[in-house]
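Reading through the structure tokens given below for one structure.
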Amino acid sequence: MRILVQKFGGTSVDGLPCMLKVKEKVLGGLGQGYKVIVVLSAMHGVTNTLLDMASSWTPHPDDAEMDVLLATGEQQSVALFAMLLKEAGIKARSCLGYQLPIRTDPTYGSARILDIDRTRIVDLLQRYDVLVVAGFQGCDCTQRITTLGRGGSDTSAVALAAAVGAQCCEIYTDVHGVYTTDPNICSKARKLNRIDYEEMLEMASMGAKVLQIRSVEFAKKYNVPIHVRSTFSNELGTIVTQEENSMEAALVSGIAYDKDQARITLVGVQDEPGVSARIFEPIAAANIVVDMIVQNPSKEGRTDLTFTVPRGSVRDTLVILERLKEDIGALEIFHDDNVCKISVIGVGMRTHAGIASIAFATLKKENINILMISTSEIKISCLVKEKYTELAIRSLHEAFGLDKEPSTVCQEEPLV
Ligand code: ADP
Ligand code: ASP
Ligand code: MG
């Protein structure tokens, strides 16, 4: 049995005209002799509306019930789409996460997929030509509904493709593929024909929401080729796969940004062993993910400590820090929500020096102050004021020659 997985995001299922485009893609898959697993997201804006509804009812919505609520967005999409297929005489049915089942851990709101019942799916595919599966959802061992975190339908699709050994996992969205940076921010962004799993993972982790991070982790682990492409055209998109010469052999392959960042500064903390542990242990225990950390020793045995957390975690972090303030001797606590992390990504950085200095010089030329810096062997991230996001992306994109085809970019010499 040849199986194709096709996933369609929120803007691709936003009303009947869009769903008819989705139907064309599914018919295309059937026409090529595949059994098709279609994974759908909730219609555009529906998940946000459900989140807003819950928080207007109660300031701290119950996590498990929140997942029951959020999963209804995808339930609407699969029911409506399955109706369209059946009306056209196609042997199809809708499937919710718990019906397959897609088994996850019980971390409501960001559950991890543990197991998918392959036999059951293959059995269903003997009887149906198309399974219309609700993305983003699964169930835990107590049969409670779970959701996989924002953008989680990508992960549902790749995990299903891995479980059934699908030929390919097509991710249909509102852009033509993976670009050198967000094409909605930078008009000169260039579509990539191929991208290596590792670089895609870094792009996704640094904020390029075109694929959810966990979907790329799954694809890499189980070697599932992903084809990211547009629902609204027949153009080929971007193949995400294992490459020898990664991503068109570029030094820098892309620029990502993440606005979901907030900076917290503790002024004049005691500079002695164990203070960082006293600060970060309770933050970690509250499941708050700390990203960048900078410590600047100041005078008289004191140090300033600055770190970033997701914006939604600022309030909880401040509550923890206020409790600790006296114990760690902090003089003041500041926070700033209007920041953005810009990341320059490329596996070529491993073997080439000077990329960081080009990035810093480019931001300086635009008079953009760098608030924090963090690096790994294949990325450099700079935190800047949020108002400079677009300017920073465009100038870095140009400085690294990302708007030009790779053959015209000097590969061996430093760029400046
Ligand atoms: P869907 O609803 O189909 O899952 P998303 O909104 O989650 O779509 O992801 C697609 C969006 O990702 C695009 O509209 C684009 O703005 C954004 N994006 C960010 N970085 C990139 C990138 N490097 N390449 C392509 N799209 C990107
Ligand atoms: N509907 C969910 C979201 O908006 C999952 C998804 O679209 O992938 O995040
Ligand atoms: Mg998405």
Side-chain angles (χ1 to χ4, degrees), residues 2-13 22 25-26 28-29 32 34-41 102 112-113 116 118 121 131 133-136 148-183 189-248 250 253-254 256 345 347 378:
R2 291 168 73 229
I3 304 171
L4 180 66
V5 175
Q6 298 183 317
K7 176 259 169 179
F8 297 86
T11 43
S12 304
V13 295
V22 174
K25 301 292 178 194
V26 175
Q32 290 172 53
Y34 288 108
K35 294 275 186 174
V36 184
I37 299 178
V38 188
V39 178
L40 300 185
S41 288
I102 294 178
R112 279 186 177 272
I113 296 177
I116 293 179
R118 180 180 185 279
I121 296 172
L131 295 182
V133 178
F136 178 57
L148 310 180
R150 298 309 304 267
S153 300
D154 297 333
T155 304
S156 311
V158 177
L160 280 162
V164 300
Q167 254 69 18
C168 179
C169 180
E170 295 185 325
I171 303 279
Y172 285 93
T173 184
D174 57 355
V175 289
H176 287 87
V178 179
Y179 285 67
T180 46
T181 192
D182 187 340
R190 188 171 49 83
K191 192 186 83 185
L192 300 161
N193 294 327
R194 303 178 83 84
I195 180 171
D196 176 69
Y197 289 130
E198 203 180 340
E199 270 169 324
M200 189 62 238
L201 205 51
E202 203 68 32
M203 291 272 271
S205 325
M206 292 302 114
K209 65 171 183 164
V210 62
L211 286 176
Q212 200 202 32
I213 307 167
R214 284 181 184 170
S215 69
V216 190
E217 285 169 354
F218 252 103
K220 185 171 182 228
K221 187 166 172 195
Y222 297 101
N223 212 5
V224 179
I226 302 179
H227 186 178
V228 180
R229 57 195 309 190
S230 166
T231 308
F232 308 100
S233 109
N234 290 325
E235 219 178 274
L236 291 179
T238 304
I239 305 290
V240 187
T241 182
Q242 194 68 57
E243 287 281 314
E244 288 289 300
N245 291 325
S246 126
M247 201 140 115
E248 300 167 1
S253 45
I345 294 152
V347 290
I378 66 163

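Positions are given from 1, in the same order as the sequence printed here. As a basis for the values below, the full set of heavy atoms in this structure was taken, side chains included, without hydrogen atoms, waters or symmetry mates.
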Over all atoms of both residues, closest heavy-atom pair of Met203 and Gly254: SD-CA, 3.9 Å

Taking every heavy atom of Leu4 against every heavy atom of Gly29, the minimum-distance pair comes out as CD2-CA, 4.0 Å

Taking all heavy atoms of Val39 and all of Ser153, pick out the closest pair and write down the distance. CG1-O, 3.9 Å

Contacts of Lys25 meeting salt bridge (Lys or Arg N to Asp or Glu O under 4.0 Å) (sequence neighbours excluded), chain-then-number -> none

Measuring from atom OG1 of Thr238 to atom NZ of Lys191, what distance do you get when rounded to the nearest 0.5 angstrom? 6.0 Å

Could you check if a side-chain atom of Asp154 sits within less than 4.5 angstrom of a side-chain atom of Ile171, using non-hydrogen atoms only? yes

Output every pair passing side-chain hydrogen bond (donor to acceptor under 3.5 Å, both in side chains) with a member in residues 202-212, not counting sequence neighbours, ordered by first then second residue. Thr155-Gln212

Please find the pair of heavy atoms, one from Val347 and one from Glu199, that lie closest to each other, and give the distance. N-OE2, 3.1 Å

Could I get the full list of side chain to side chain contact (heavy atoms under 4.5 Å, CB included) partners for Arg150, not counting sequence neighbours? Thr47, Asn48, Leu51

Smallest heavy-atom separation, Phe218 atom then Val158 atom, equals CB-CG1, 3.7 Å

Mind checking the CG-SG spacing from Leu160 to Cys169? Nearest 0.5 Å is all I need. 8.5 Å

CD1 of Ile345 to OG1 of Thr181, rounded to nearest 0.5 Å, is 8.5 Å

Please list all pairs passing the side-chain hydrogen bond (donor to acceptor under 3.5 Å, both in side chains) test where one or both residues lie in residues 218-231, with sequence neighbours left out. Ser12-Thr231, Glu170-Arg229

Taking only residues two or more places apart in sequence or in another chain, which ones pass ring-ring contact (aromatic ring centres under 6.0 Å, His included) with Tyr172? Phe8

Can you give me every donor-acceptor pair (side chain of residues 161-168, partner residue at least two apart or in another chain, under 3.5 Å) with its distance?
unit_1: Gln167; atom_1: OE1; unit_2: Ile3; atom_2: N; d: 3.4

Pick one: which of Ser156, Ser41, Ser215 meets side-chain contact (heavy atoms from CB on, under 4.5 Å) with Lys7? Ser41

Just so I know, are the side chains of Ser253 and Ile195 near enough to count as touching, which here means a heavy-atom distance under 4.5 Å? no

Say you draw a straight line from CD of Glu198 to CD1 of Ile378; how long is it, rounded to the nearest 0.5 Å? 4.5 Å

Does the pair Asn193 and Ile239 meet the rule for a side chain to side chain contact (heavy atoms under 4.5 Å, CB included), with working shown? CA-CA 6 Å; Asn193 294 327; Ile239 305 290; over 6 Å; no

First locate atom CZ of Arg214, then atom CG of Leu201, and finally report the distance between them rounded to the nearest 0.5 Å. 12.0 Å

Let me know which of Leu131, Ile102, Val133 forms a side-chain contact (heavy atoms from CB on, under 4.5 Å) with Ile121. Leu131

Can you tell if the side chain of Tyr197 reaches within under 4.5 Å of the side chain of Gln242, non-hydrogen atoms only? yes

Any chance you could measure Tyr34, atom OH, to Gln6, atom CD, to the nearest 0.5 Å? 10.0 Å

